[in-house]
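Here's the structure, in structure tokens; my notes come after.
Keep in mind that what you see is a predicted model, and the values were worked out from it rather than measured.
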Amino acid sequence: MKLYTTTADAVADMRERGFDGDFELVGNDLLWVQQKTFIRMGLFTIIECQRFWHPAVHSTDLILLGVIALHHNVRGILLVDYASHPNGCPPVIAKKMNELNQKVLYWENIENENM
């Protein structure tokens, strides 16, 4: 996965790669901004994650997520600002990130077995 120095660089690259939708987190659902459509938790998957750190406090400040919702035929971007959530990462994002990590580990295990 490519690493970026700024959020703007990451967003620009993701746009070039087809992440053209914009999402906002509303409760446990995503709001697809362009279509004004809510996407339920079970209908989207996080396929990419970039973390940006706050240099002064050395903690996660912002997470940029690449999201796909196959049922709606859309790929897009969701920004999660930890400062705006009192308990850190929203539970739905933590769950989806756990699913992403399990898939990555699964594929790494398959690749290692085939070597």
- Message: Do E24 and L30 have side chains that approach each other closer than 4.5 Å (heavy atoms only, starting at C-beta)?
- Response: no
- Message: Once salt bridge (charged side-chain N to carboxylate O under 4.0 Å, His left out) is applied, what residue pairs with a partner in residues 63-78 remain, sequence neighbours excluded?
- Response: none
- Task: Only counting residues at least two apart or in another chain, list the ones meeting side chain to side chain contact (heavy atoms under 4.5 Å, CB included) with L79.
- Result: T7, L62, L64
- Task: For side-chain contact (heavy atoms from CB on, under 4.5 Å), just list the numbers for V67 and T45, CA-CA rounded to whole Å, side-chain angles, deciding distance to a tenth of an Å, and then say yes or no.
- Result: CA-CA 6 Å; V67 175; T45 303; over 6 Å; no
- Could you check Q35 against H72 for side-chain contact (heavy atoms from CB on, under 4.5 Å), going step by step and ending with a plain yes or no? CA-CA 10 Å; Q35 296 295 318; H72 296 279; over 6 Å; no
- Sub-4.5 Å side-chain heavy-atom contact between V74 and W32: yes
- Item | Which residues share a side chain to side chain contact (heavy atoms under 4.5 Å, CB included) with Y4, sequence neighbours left out | K2, D9, A10, D13, R17, Q50, F52
- Message: When you compare the side chain of M97 with that of I46, does any pair of heavy atoms fall below 4.5 Å?
- Response: yes
- Item | Point-to-point distance, once rounded to the nearest 0.5 Å, from OG1 of T37 to CG of D29 | 12.0 Å
- Item | Intermediate values then yes/no, side-chain contact (heavy atoms from CB on, under 4.5 Å), V92 and L25 | CA-CA 9 Å; V92 66; L25 188 62; 3.6 Å; yes
- Query: Is the backbone of D22 close enough, under 3.5 Å, to the side chain of Q34 for a donor and an acceptor to pair up by distance?
  - Reply: yes
- Query: Same hydrophobic cluster for L31 and L43, using side-chain heavy-atom links shorter than 4.5 Å among ILVMFWY?
  - Reply: no
- Residue of the set I93, V80, I63 for which side chain to side chain contact (heavy atoms under 4.5 Å, CB included) holds with C49: I63
- Task: Show your working on side-chain contact (heavy atoms from CB on, under 4.5 Å) between I77 and F23 and close with a plain yes or no.
- Result: CA-CA 6 Å; I77 296 172; F23 296 109; 5.9 Å; no
- Message: Hydrophobic clusters here meaning ILVMFWY residues chained together by side-chain heavy-atom distances under 4.5 Å, can you tell me if F19 and L70 are in one?
- Response: yes
- Query: Should M41 and L65 be regarded as members of a common hydrophobic cluster, given that ILVMFWY residues are connected when their side-chain heavy atoms come within less than 4.5 Å of each other, either directly or indirectly?
  - Reply: yes
- Do V11 and I47 share a hydrophobic cluster, counting only Ile, Leu, Val, Met, Phe, Trp and Tyr and linking them when any side-chain heavy atoms are less than 4.5 Å apart? yes
- Query: Are the side chain of R15 and the backbone N or O of G21 linked by a donor-acceptor pair below 3.5 Å?
  - Reply: yes
